[in-house]
Amino acid sequence: MSETTRFRTTTRHMLKESKTYARQTLMGGLSGFESPIGLDRRDRIAALKSGDIGFVHSWDINTSVDGPGTRMTVFMSGCPLRCQYCQNPDTWKMRDGKPVYLDAMIAKVDRYKDLFKATGGGITFSGGESMMQPAFVSRVFRAAKEMGVHTCLDTSGFLGANYTDEMLDDIDLCLLDVKSGDEETYRKVTGGTLAPTIEFGQRLARAGKKIWVRFVLVPGLTSSEENVENVARICDTFGEAIEHIDVLSFHQLGRPKWHEMRIPYPLEDQKGPNAAMRKRVVEQFESHGFVVY
């Protein structure tokens, strides 16, 4: 592979004036990906808009809860929400990630495509909030679909307006975080608004996509019967698109990152739900006819 590269884009100034950047091979959580060195602000903005680069926090190969089969889960940098129970506050700011070339990401998917096909797995984009970088994610998904690889988007849906209907075509599954069932609680939990999540879920349903809903159960914050019932009613509007609902019990595993970054952790003394509370919430969802994990 050459030591330098030029971004491929239709932006006029990029075609004529863009600098040539040296490549570096990243290590650590981005081991093996290639990245430009010294990318200036003008080219960074243009390359993000075109999807020629994406700012990435880390990636791994797993068989956990990021979709079916063995998956390559890519954690993108940048998120507009500030969830009280966030496990990865180090992904909030896009600039804290590393720029990764589109062709390097596609090459990584290609490397593992036989494994994905053998296990029914694929690629999942998570975050942070991957919808902050729609061009990059959607171009990788398009390439993945051309390889016959399953695609999954893990999102709050808060930035659903960033996705065109054409981009939705290449999403096989969405892990949709429905963080609350009413605006007041949603704002308290995330600092954002609930309506975009509902609208995005309904768009996915109309497009014939599959949804796994995720709901984080935090005693005293999201646990009230009324809030859970409202979440269930929202899920009702997604119809047959929902394959199941994951009730995720709150835990303190993300707290060390908040401490390390010297950010006050709002749930410092919060405990997880007991078995009785979790059972009640699961039964509430099941009463609406949902499969619940």
Checking side-chain contact (heavy atoms from CB on, under 4.5 Å) for the pair Val56/Met105: CA distance, chi angles, key distance, verdict?
CA-CA 10 Å; Val56 183; Met105 182 65 68; 4.2 Å; yes

Sub-4.5 Å side-chain heavy-atom contact between Glu229 and Glu225
no

Checking side-chain contact (heavy atoms from CB on, under 4.5 Å) for the pair Lys179/Thr197: CA distance, chi angles, key distance, verdict?
CA-CA 9 Å; Lys179 300 172 186 288; Thr197 298; over 6 Å; no

Keeping Arg71 on the side-chain end and Pro68 on the backbone end, is there a donor-acceptor pair under 3.5 Å?
yes

Heavy-atom check, side chain of Leu159 versus side chain of Met132, under 4.5 Å:
yes

Does any N or O in the side chain of Arg203 come within less than 3.5 Å of the main-chain N or O of Tyr163, such that one atom is a donor and the other an acceptor?
yes

Parallel, tilted or perpendicular: rings of Phe285 and Phe290 (30°, 60°):
perpendicular

A side-chain contact here means heavy atoms from C-beta on lying under 4.5 Å apart; do Ile106 and Met147 qualify?
yes

Please find the pair of heavy atoms, one from Gly97 and one from Phe55, that lie closest to each other, and give the distance.
O-CD2, 3.8 Å

I need the Lys210 NZ to Glu243 CD distance, nearest 0.5 Å.
5.5 Å

Where do Leu217 and Phe250 land on the side-chain contact (heavy atoms from CB on, under 4.5 Å) test, with the steps shown first?
CA-CA 6 Å; Leu217 178 58; Phe250 169 77; over 6 Å; no

Can a donor-acceptor pair be found between the side chains of Arg206 and Gln202 at a distance below 3.5 Å?
no

Grab the two heavy atoms, one from Gln84 and one from Leu267, that are nearest each other, plus how far apart they are.
OE1-CD2, 3.4 Å

Are Tyr186 and Val247 in one and the same hydrophobic cluster, where Ile, Leu, Val, Met, Phe, Trp and Tyr link if side-chain heavy atoms are under 4.5 Å apart?
yes

More than 12 foreign heavy atoms under 6.0 Å from CZ of Arg111: is that the case here?
no

For the residue pair His288 and Asp236, confirm or rule out a side-chain donor-acceptor distance under 3.5 Å.
yes

So do Val189 and Tyr85 actually touch side chain to side chain, heavy atoms under 4.5 Å?
yes

Is any side-chain heavy atom of Leu48 closer than 4.5 Å to one of Phe136?
no

For the atom pair CD (Gln252) and CD (Gln87), what is the distance rounded to the nearest 0.5 Å?
10.5 Å

Quick check: Phe141 with Phe125 (ring centres under 6.0 Å apart)?
yes

Could you check whether any side-chain heavy atom of Phe158 comes within less than 4.5 Å of a side-chain heavy atom of Thr193, counting everything from C-beta outward?
yes

Minimal non-hydrogen separation, Ser138 against Asp170, with atom names:
O-OD2, 4.5 Å

What distance do Cys174 atom SG and Leu204 atom CG have between them, rounded to the nearest 0.5 Å?
5.0 Å

Does the side-chain contact (heavy atoms from CB on, under 4.5 Å) test come out yes or no for Arg278 and Ser249, once each step is laid out?
CA-CA 8 Å; Arg278 193 179 192 286; Ser249 297; 3.4 Å; yes

Counting only N and O atoms by type, is there a donor-acceptor contact under 3.5 Å from the side chain of Ser130 to the main-chain atoms of Gly127?
no

So does Glu146 have more than 12 non-hydrogen atoms from other groups sitting under 6.0 Å from CD?
yes

Here the pair of heavy atoms bringing Thr70 nearest to Thr63 is OG1-CG2, 3.2 Å

Interatomic spacing from CG in Asp182 to CZ in Arg233 - rounded to 0.5 Å:
11.5 Å

Rounded distance [0.5 Å steps], CH2 in Trp92 versus SG in Cys79
8.5 Å

Any chance CD of Glu268 has more than 12 other-residue heavy atoms, nucleotides or ligands included, within less than 6.0 Å?
yes

Please tell me if the side chains of Ile211 and Leu173 come closer than 4.5 Å, counting only heavy atoms from C-beta onward.
no

I'd like to know if Phe75 and Met94 are part of one continuous hydrophobic network [Ile/Leu/Val/Met/Phe/Trp/Tyr, side-chain heavy atoms within less than 4.5 Å].
no

Min side-chain heavy-atom separation Phe200-Met131 under 4.5 Å
yes

Kindly work out whether a path of hydrophobic side-chain contacts (I/L/V/M/F/W/Y, heavy atoms less than 4.5 Å apart) joins Leu175 to Leu153.
no

CG (Asp66) and OG1 (Thr73) are apart, to the nearest 0.5 Å, by 3.5 Å

Using every non-hydrogen atom in the two residues, find where Gly192 and Leu81 come nearest and quote the distance to one decimal.
CA-CD2, 3.9 Å

Determine yes or no for a side-chain-to-main-chain donor-acceptor pair under 3.5 angstrom, with Thr185 supplying the side chain and Ser180 the backbone.
no

Check Tyr265 against His251 and note the closest heavy-atom contact, atom names and distance.
OH-O, 4.2 Å

Side-chain donor-acceptor pair under 3.5 Å between His57 and Asn88, yes or no?
no

Keeping Glu240 on the side-chain end and Gly208 on the backbone end, is there a donor-acceptor pair under 3.5 Å?
no

Should Met277 and Val231 be regarded as members of a common hydrophobic cluster, given that ILVMFWY residues are connected when their side-chain heavy atoms come within less than 4.5 Å of each other, either directly or indirectly?
yes

Heavy-atom donor-acceptor pair, Asp172 side chain to Thr151 backbone, under 3.5 Å
yes

Should the pair Asp52-Arg139 be classified as a salt bridge under the 4.0 Å nitrogen-to-oxygen rule?
yes

Answer yes when Lys279 and Glu283 have at least one side-chain N-carboxylate O distance shorter than 4.0 Å, and no when they do not.
yes

Do Leu248 and Ile245 sit in one hydrophobic cluster, given that two such residues count as connected whenever their side-chain heavy atoms are within less than 4.5 Å of each other, even indirectly?
no

Does Asp169 come within less than 4.0 Å of Lys145, counting only side-chain N to carboxylate O?
no

Lys108, NZ atom: more than 12 neighbouring heavy atoms under 6.0 Å:
yes

